[in-house]
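Report on one structure; see the data block that follows.
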Amino acid sequence: MEKTSDIAGFYKLSQEDRIKVLADFMGIERESIPLPDSPRPLPLENSIGYYPINFGVANYFLIDRKDYFIPMATEEPSVVAAASNGAKMARSGGGFKTGAGEQLMLAQVVLEDPKMDLNLAEFIDEINKIVESEMPSIVAAGGGLKDWQTEKVDKYLTVKLWVDVADSMGANALDRLAESVAPIFESATGGRALLKVLSNRADRRLAWAETSIPFDAIGGESVARSIQEATEFAFINEDRAVTHNKGIMNGVIALATATGNDTRAIEAAAHSYACRGGRYKPLSKWKVEGGLLRGRIDLPVPVGVIGGGVKSNELAAFSLKLLQVKRAVDLGRVMAAVGLAQNLAALRALVTEGIQKGHMKLAARTVAMTAGATGDLIDRVADKMVQEGIIRVDIAKKILEELRG
Ligand code: MEV
């Protein structure tokens, strides 16, 4: 009989029974599925266990004259080393200076075929009352409705509400708000509310970070000039701009994951921000000025330090404690600095030795561990393989035997 995933009530099975169904579907033994149990099960539909991801800390971060260890959860082995490396270079110029402007998220109510125009100002008191009742903790923390606008496109009238969501990421609060206020606009315009939801654009929730680095710290003036040139090229070449930004997001997303934030929201906001003005551009810029290499990043930071993702994951809470950030805006500022550090490390490697060398060392360490190396033998085996230019488990085993004598 054909195997199928069309199983009514699959979600009602116990976790163990679900795994058995999968084993049967795959034609393998249950025991061969390496699924650790979640130490803290989440209310995830059809859960089958727990997906581990490497968790490290980047060091050398000096942000607004304060020292940080940066928690990073990522599947890419080079990310933590690169972030530390970027932060170390920035540190010799005094680290990162950061800041943030208004911290507003946008809710959209899209009305189809409105029969009448909408004078939004007439409804602001009513909307404010809903804001107060729907998000009392945000209002108590100084948040609330800050700006509004209507926009007509084709047969659609969009109501845009910008809300300061204080220390939450804000998606749930704004989805709720959009749904609660939609009937007001339907009855005022005679249109149908087709969509009532948050927009992930987040271009009014930005943080920035800057750094100014002496040439010595990055290998000299010619390296600094090449880093500038690599950025300038990214501004005229979208293929490169995408990769430039991917490198930034390596750090940003690792920090977002470690702090229990919605990584897709941050990615969506970052890439839409990179497209402002109609063309995809780098999120950061480097230039040589006054005998220093100066870098700056501007980044949308739709992040929270309270709410679902943080509460349900004790490691996210640990990460925030390690960072000592209490406000979402402060996490956003740190995130901008991490993105800039990650970008600097990538660019420096790219314009000098290339990125493979660093990656090769990390791959060699992983292979050395797979071959059974522990302690300082890991680096000794890895170094030997890098020297010989062959990274393989059988070679690692041979080197290990030789070293153990
Ligand atoms: C690799 O994950 C990221 C880089 O490609 C970024 C870049 O090219 O700037 C190294």
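Both counts, for ligands and for their atoms, begin at 1 and track the order of listing. These values consider heavy atoms only, across backbone and side chains, with no hydrogens, waters or symmetry-generated copies.
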Lys196/Glu179 salt bridge by N-O under 4.0 Å criterion: no
Thr189: side chain to side chain donor-acceptor pair (under 3.5 Å) partners, not counting sequence neighbours: none
Taking atom 7 (C) of ligand 1 as the reference point, the nearest protein heavy atom with its distance: Arg240 NH2, 3.4 Å
Ligand 1-proximal atoms of Asn250, by part, heavy-atom distance under 4.0 Å: side chain
Close-contact set for ligand 1 against Thr243 heavy atoms, below 4.0 Å: 5 (O), 6 (C), 7 (C), 8 (O), 9 (O)
Check: Lys361 and Asp379 side chains under 4.5 Å, non-hydrogen atoms: yes
Ser199 side-chain N/O to Ala107 backbone N/O, donor-acceptor pair under 3.5 Å: no
Gln342 contact mode with ligand 1 (heavy-atom cut-off under 4.0 Å): neither
Donor-acceptor pairs under 3.5 Å, side chain of residues 329-340 to any protein atom, not counting sequence neighbours: which ones?
residue, atom, partner, partner atom, Å
Asp330, OD1, Arg333, NE, 3.3
Asp330, OD1, Arg333, NH2, 3.0
Arg333, NH1, Asp64, OD2, 2.6
Arg333, NH1, Thr98, OG1, 2.6

Enumerated ligand 1 atoms positioned under 4.0 Å from heavy atoms of Glu76: 1 (C), 2 (O)
Leu350 neighbourhood, listing ligand 1 atoms whose heavy-atom distance to it stays under 4.0 Å: 7 (C), 8 (O), 9 (O)
Geometric N/O contact Lys246 with ligand 1, under 3.5 angstrom: yes
Side-chain donor/acceptor of Gln149 to backbone N/O of Lys160, under 3.5 Å: no
